[in-house]
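All chains are named by letter (A, B, ...) in the order of the sequence lines, taking the proteins before the strands, and each is independently numbered beginning at 1.
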Number of protein chains: 2
Amino acid sequence: MEKFLFRLLLRSPLTKAEQEAILALPGEEVRTQAHRDIVRPGNRMTYSCLVVEGLVGRFDQLANGHRQITALHIVGDFCDLHSLAVPETGWGIESLTDSVVRMVPHTALRKLVDSAPAYTMAFWRDTVVDGSILAKWNAALGRRSAKARLAHLLCEMGIRFEIAELGQRDEFDFPITQAQLADVLGVTAVHLNRTMQALRQDGLLVTNGSRISLPDAKRLRQVAQFDEAYLLLGGAQSR
Amino acid sequence: MEKFLFRLLLRSPLTKAEQEAILALPGEEVRTQAHRDIVRPGNRMTYSCLVVEGLVGRFDQLANGHRQITALHIVGDFCDLHSLAVPETGWGIESLTDSVVRMVPHTALRKLVDSAPAYTMAFWRDTVVDGSILAKWNAALGRRSAKARLAHLLCEMGIRFEIAELGQRDEFDFPITQAQLADVLGVTAVHLNRTMQALRQDGLLVTNGSRISLPDAKRLRQVAQFDEAYLLLGGAQSR
DNA sequence: CGTGACCTTGATGTTAGTCAACGAATGTGG
DNA sequence: CCACATTCGTTGACTAACATCAAGGTCACG
């Protein structure tokens, strides 16, 4: 919860009292294995999920069972804060690794929102940034090659892990299987495997288990046409 | 503005006074030709754009100049209400047809937001639905064929035009060029042209200028795997 | 009657999907 | 300690989807 608050404060000013109210948010913590559906698509939410440990994905499922992961959430992210505004879900949430998720009841969040307007703006801003990532991925999926998309994701996760103080932008732990990564990038697992090999041969990617190193960040950014602005949106807004 | 309010009320309850305040929102109306950039990427917004007439797109631009249109906005849509929460833009807005756009100053919107909490929730909800459409498109771009994507878009626009009372779900005016449509669907204009022909041959699509008819909506939905739930989210929320 | 915007067509190359199989690492129960 | 199953990464052969390049065709408009 501290990490969530920390990142909220990057964009939205909150008084000390407001900050403490957020830290005091209740919620049951649930531990799950990898590859479990935490929220099944088509539910009506009565709580929002905060990632306490592990790596979690929001996904959209097609009739044939294929999944597209539409968002990755790391420690300190709320997966579905927007469900406070709109509780019906088309999407689902799955654990990508062994994870711990805190289910924060909407009743508690709503109490905050009703008590002062700053919370609503802060939460809204958080979901807007989530949406700007979605829009970027839209462009990537529509207009870029698998190689550029993979490079882009690696750049993005590097920045996000660094902001979250979970790693450095060119060296971090990213415990995701190739099949899951393929579901993020909208390719098959086979093709993803070959794409990763291509990046390795270009000297842009080194993997060691789930450890990712990006030896030539500059060139990787060029391949990805990566501009981190969309991740840093909304610095120091007014209330 | 009436159409915007009407659709806002589908999801969010507002008092009579609140409704009138929204109808009284100020803003200069600007008329533009087709194919003009209304907002260039990388700006800091001081207003939000309401579509009064025409068809407008939000886009993401790549370094090579290629565009991915990430959202289509019809009469009564706010293109970028989220810029009230986060004014920095990675995206831009372009007119797809001759259009009229009303630029509503953030100062005026902020005055509303500060005066009562219901506005913030209503606006937030509006942007959440925008985000849910983005997520759907994410899945479509990542996991579906061009034909399925086209079919999906036709179903989606049918519903949206019907809700907006601008047409029926199986018969509506959709004044967009094939090149623009290709930018929405993430394919080349040439391939889009062939994809449209395929749908026509299947008896699923009839075009007459910008007039679209969908003779076999049922089968079209199957091809698209279309489920309209994501467009109808948030009916009758509490304040 | 020329010009520009838009749609259409054909030929060809590239990217990514599909199917099938194998290897390495890990864990499990006998 | 050893068969066995499971998960994950990897490879090869083949096919389908889509991009690219280049050229016409149609229509509205000045």
Under 3.5 Å side-chain donor-acceptor pair for A/Gln178 and A/Asn193 | yes

Find the distance A/His35:NE2 to D/dT6:C1' and express it as a whole number of Å.
-> 11 Å

Could you state the CD-P distance from A/Gln180 to D/dG9, rounded to the nearest angstrom?
-> 9 Å

Output yes when A/Glu171 and A/Arg211 qualify as a salt bridge under the 4.0 Å nitrogen-oxygen rule, no when they do not.
-> yes

With the threshold set at 4.0 Å, does a side-chain nitrogen-carboxylate oxygen contact exist between B/Lys136 and B/Glu156?
-> no

With a 4.0 Å cut-off on heavy atoms, is A/Ser145 in touch with a base, just the backbone sugar-phosphate, or nothing at all?
-> sugar-phosphate

Short N-O contact, A/Asp77 and A/Arg7, less than 4.0 angstrom = yes

Residue set satisfying ring-ring contact (aromatic ring centres under 6.0 Å, His included) with B/Phe172, at least two apart, ordered chain then number -> B/Phe161

Atom-to-atom span, NZ of A/Lys147 to C1' of C/dT15 - whole angstrom = 12 Å

Closest of C/dT9, C/dG17, C/dA16 to the A/Ala146 side chain is C/dA16

Are A/Asn193 and D/dG9 close enough that a side-chain N or O sits under 4.0 Å from OP1 or OP2?
-> no

Between A/Gln197 and D/dT11, is there a side-chain N or O to OP1/OP2 distance below 4.0 Å?
-> yes

Using atom names, set out every protein N or O paired with an N or O of nucleotides 25-30 of chain D below 3.5 Å, distance rounded to 0.1 Å.
none

Charged N to carboxylate O under 4.0 angstrom, A/Arg219 versus A/Asp202?
-> no

Could you state the atom-to-atom distance from CG of A/Leu62 to P of C/dG17 in whole Å?
-> 14 Å

Between D/dA19, D/dA13, C/dT9, which nucleotide gets closest to the side-chain atoms of B/Val190?
-> C/dT9

What's the CG-P distance between A/Leu141 and C/dA16, to the nearest Å?
-> 12 Å

OP1 or OP2 of D/dC18 less than 4.0 angstrom from a side-chain nitrogen or oxygen of B/Arg149, does that happen here?
-> yes

When you check the phosphate oxygens OP1 and OP2 of D/dC21, does a side-chain N or O of B/His191 lie under 4.0 Å from one of them?
-> no

Under 4.0 angstrom, heavy atoms only, what part of the nucleic acid is B/Gly186 near: base, sugar-phosphate, or nothing?
-> sugar-phosphate

